[in-house]
Every structure is written in structure tokens, then in C-alpha cells.
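Working notes for the structure below.
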Amino acid sequence: MMSVSVPAALPDLLKSFTVEVLKQQPENLLDFAVLYFTELRDEREGKTSAVTESRPALRRGDESDEDDREHIITCDEEEHEEEEEEDDFPDDFTFKPPPTSKHSRRVSVCAEPYNPDEDDDDDSDLKIVHPKTDQQRCRLQEACKDILLFKTLEEEQFSEVLDAMFEVLVKPNEHIIDQGDDGDNFYVIERGVYDIQVEKDGVSRCVGKYDNKGSFGELALMYNTPRAATIIAVQPGALWALDRETFHRLIVKNNAKKRRTYEAFIECVPLLKSLELSERMKMVDVLGAKTFKDGEQIIKQGDAADCFYIVESGVVKIMIKRKAKAGRPRSGDEEVEVEVSRCVRGQYFGELALVTNKPRAASVYAVGETKCLVIDVQAFERLLGPCKEIMKRNIALYHEQLVALFGSSEDLKR
Ligand code: 1OR
Ligand code: 1OR
């Protein structure tokens with residue numbers, strides 16, 4: 001029997017080449033192959049390729065070096081169309097197709113939950129770059145500055161996320177996501193109002209909305225599940241999309257690290273005791289972490305609410321504005337801020353406005369440097385339902401304390 005030995009570098013070499021072909025869709029495959037392999041050889045021999053310098057789209061690391069494998073691919077939206085390739089590759093060759101365009105639905109998605117710890121860096125050599133004007137980059141940075149999922153990324157990872165994002169303009173009534181579909185992109189809102197609709201037992205109901213900020217579409221990408229809700233533009237809007245592959249490579253990988261970092265802490269937050277471990281971990285997946293300086297305002301009384309906080313380290317003080325009492329040396333309308341409570345590690349705040357759907361009932365300030373975990377209102381609704389009874393019991397105590405302190409609970413009725 002004839003034995004054939006496959007050179008160790010061959011699968012990686014072919015894989016990288018195939019990825020480039022699918023991304024760049026060259027008209028002449030042979031010319032492209034000559035260019036690709038010539039550049040690769042030049043790079044390995046230490047020569048700087050003139051072609052590479054003039055075409056940043058075709059830049060690569062050394063496939064033989066495991067620690068330094070990287071491709072940078074620049075692409076326009078239409079270059080994302082999914083393609084099926086029928087080539088004969090070695091049996092152990094696994095190839096992931098490039099991300100799909102914003103409106104092309106993925107053909108099929110593996111139903112297994114994605115486990116980042118088992119990911120063998122199959123596609124870690126793929127960097128997608130959508131070139132942007134300075135003005136676009138500025139708008140993108142502004143839209144992303146408060147996105148919780150990005151808050152625990154290293155600076156370099158965050159910058160890669162920004163590079164990979166592309167702009168999507170939407171019209172009124174446009175469905176950005178349809179419940180039940182496979183997930184293609186994660187979206188950050190630059191502007192526009194978007195309804196969240198969930199269909200259950202054949203009845204579709206609006207369960208919330210995004211108003212000119214926030215993000216959506218992370219769940220299907222994180223857990224390889226069908227889209228859990230339908231998102232519809234109410235007015236003309238602008239979004240920034242991040243493709244599924246980059247989301248996996250940067251956000252889902254980072255989540256594995258986040259789980260390790262926060263697991264022990266989350267386990268000992270009294271409020272979350274009634275949740276299953278898997279539910280607590282889902283919370284960790286979507287939370288962000290924010291550090292506040294001594295005296296910094298975290299919540300402003302009267303503001304609209306869009307998130308909930310758990311103190312991880314440091315202390316916060318809760319202050320309530322009250323009219324100055326008559327008889328004091330102040331004018332009747334003057335307001336004073338009175339400290340009513342403090343929260344330390346493991347305690348939460350900012351739930352009241354979310355539970356009652358009212359403006360923030362108090363202001364909250366950091367006492368010394370303070371770190372808080374932050375959960376957005378949609379994740380709060382989705383994941384903290386089982387904890388709401390505990391919160392409501394504690395809210396009833398606020399009323400008692402308010403009456404005890406000020407003789408009325410009017411402030412909480414606004
Ligand atoms: P996705 O990839 O599943 C739909 O695509 C997106 O809608 C989803 O990710 C979330 O980002 C977003 N339940 C499920 N998904 C929601 C919800 C939600 N809200 C926003 N999304 N609920 C509403 C909470 C206010 C719970 C409904 C029972
Ligand atoms: P929020 O979303 O209204 C301010 O934003 C947060 O301060 C509030 O949620 C609570 O989490 C937290 N009254 C009102 N808010 C309070 C109170 C409180 N204590 C903590 N918060 N009390 C009654 C006022 C005299 C409690 C006094 C011990």
C-alpha cells in the first residue's frame with residue numbers, strides 16, 4: 001500500500017489561503033495565489049513585499065509560528081457574502097466561513113452551546129478591518145463608550161472591535177433582527193428608537209425599547225441559539241454591526257475570563273442566591289465593570305434609569321434631595337441633599353427606578369475609589385426576574401425608612 005505523508009504546515013497554509021480567497025473574492029484565482037504565496041515567501045525570508053505595503057488588505061503573519069498568527073483583512077460590506085466551497089481538504093481540516101452581510105441570514109448554525117474554553121483558536125488568525133473616516137470613527141467611539149459588553153475588554157481588543165465594526169443605516173419598520181433566525185451580527189445603536197418584540201404562543205408583544213442608546217443581538221452569538229426577540233426600527237436610525245466571528249474571537253473569549261474573575265464574587269451576592277448557577281453565569285456574561293473616583297456621581301436623582309449596580313469594592317452613599325425644613329435659615333424652596341444610606345461590597349442599588357418604571361429616586365456617589373458591576377435594563381428584566389420579590393420586599397423597607405426619616409414617602413411616589 002502506498003503511504004502518503006502530509007507536511008505538517010500544509011493544512012494551515014491551505015486554510016489561510018482559502019480564508020483570504022473567500023474574503024477577497026479575487027477575479028483571477030491563479031494570479032491571486034501567485035501573489036499570496038510570493039508575499040508569504042518574501043515575508044518568511046525577511047523581505048518586505050512592495051505589494052503588501054501598497055495593499056494592506058493582503059497582510060499576514062507566519063502560519064508556522066503559532067504565537068504570531070494573524071491576518072488583517074479589509075473588506076466592504078458586500079464582501080461578506082457567504083460561500084460554500086467544495087474543495088478536497090484533509091480530513092482534520094475545519095474551515096469556518098466568513099461573517100455574513102447584515103441582511104443575509106446564516107444558512108445554519110450548530111445547535112451546541114458555544115464553549116469558549118474549548119475553542120482551539122481556529123479563527124484567531126483572522127482580523128477584519130472595515131476602513132472608516134475620522135468622522136465615522138468618532139461617531140463609533142461615542143456610540144460604544146458605554147456599551148457594557150466592551151467595558152471589560154483590554155484596550156487592544158476594544159480597538160480590534162472598533163476596527164471590525166461597520167455602519168448600518170435603517171429605515172422605519174425595518175426588522176434588524178427576527179426572532180427565531182440564526183445570529184449574524186451584534187449591534188450597537190448610534191441613533192434611533194427600536195422596539196423589542198417577543199412572540200409567545202403565537203402572540204407578539206412589545207416588551208421594551210431602545211431609545212438612542214444601547215446594544216442588542218448578543219444572545220444568539222454567545223450561546224448559539226436562535227434570536228430571542230425581534231428588533232424593529234421605529235424611525236430612521238444608524239447602527240454599528242460586529243460580525244459573528246469577531247464577536248466570538250473577542251467578546252466570547254473575554255467572557256470565559258470574566259466568568260473566572262467574577263464567579264466567586266457573584267456567588268456571594270445575597271440578592272442573587274435564588275438564581276441557578278447557570279443564570280448567575282449568564283449575568284456575568286453580559287455585565288460590565290465601572291470604576292468611580294472618590295465623590296463621583298454614579299446616579300443622579302430624577303434621571304431616567306437604564307441600568308442596575310452591584311458594589312464590587314469600595315462604598316457608595318445614597319443621597320436624597322429634600323426641601324429645606326421651614327424655620328431653618330434657608331429659603332422655603334431650597335433643596336438639601338441628605339445621606340440616607342450606604343452600600344458596600346455585595347450590595348446593590350439602582351433597582352428601584354427599574355422596578356417601578358420611574359425616575360431615579362436618589363443620587364448615588366462613590367466614597368473613595370469604588371468599583372461596581374453594571375447590568376443593563378434588558379438583562380435585568382431577562383435575568384433578575386426571580387430576584388424581584390426580594391427587591392420589592394426591600395423597597396417596602398425604603399418606604400418605612402423614608403417615613404421614619406422624613407415623615408412622608410412622597411419622594412418615592414414620583
Ligand atoms: P439575540 O441575539 O437573541 C435578539 O437577538 C436580541 O434582543 C437579543 O439577542 C437581546 O440582545 C435583545 N429577551 C431576549 N432578548 C432581548 C430581550 C428580552 N430584550 C432585548 N433583547 N427580554 C426583554 C427584556 C426587556 C425578555 C423578554 C421576555
Ligand atoms: P433608583 O433606581 O431609584 C437610586 O436610584 C437608588 O438609591 C435607588 O434606586 C435605590 O437602589 C437606592 N430611598 C430611595 N432609594 C434608595 C434608598 C431609599 N435607599 C437606597 N436607595 N431610602 C429611603 C429614603 C429615605 C432608604 C433609606 C435607608
Electrostatic pair [X]:[Y] at N-O distance under 4.0 angstrom:
X: D285; Y: R259; value: yes
X: R382; Y: E218; value: yes
X: D163; Y: R137; value: yes
X: E296; Y: K290; value: no
X: D184; Y: R227; value: yes

To the nearest 0.5 angstrom, please state how far the [atom1] atom of [X] sits from the [atom2] atom of [Y].
X: L354; Y: E381; atom1: CG; atom2: CD; answer: 7.0 Å
X: L271; Y: F308; atom1: CG; atom2: CZ; answer: 5.0 Å
X: K282; Y: L275; atom1: NZ; atom2: CG; answer: 11.0 Å
X: T370; Y: K293; atom1: OG1; atom2: NZ; answer: 12.0 Å
X: K321; Y: S363; atom1: NZ; atom2: OG; answer: 5.5 Å

Next item on the list: Compare every heavy atom of M281 with every heavy atom of E263, then report the nearest pair and how far apart it is.
Entry: CG-CE, 3.8 Å

Margin query: Angle between ring planes, F186 versus F150, binned at 30° and 60°: parallel, tilted or perpendicular?
Written below: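 Geometry flag for F150 against F186: perpendicular rings.
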
Next item on the list: Output yes when a side-chain donor or acceptor of K132 lies under 3.5 Å from a complementary backbone atom of H130, and no otherwise.
Entry: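 Checking the backbone N and O of H130 against the side chain of K132, a donor-acceptor pair under 3.5 Å is found.
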
Check: Do E199 and T230 touch side chain to side chain, with heavy atoms closer than 4.5 Å?
Finding: no

Check: Does the side chain of L272 come within less than 4.5 Å of L384's, by heavy atoms?
Finding: yes

Notebook entry, point to check: Is there a side-chain contact (heavy atoms from CB on, under 4.5 Å) between M283 and I310 once you walk through the steps?
Noted result: CA-CA 12 Å; M283 226 190 78; I310 298 173; 4.1 Å; yes

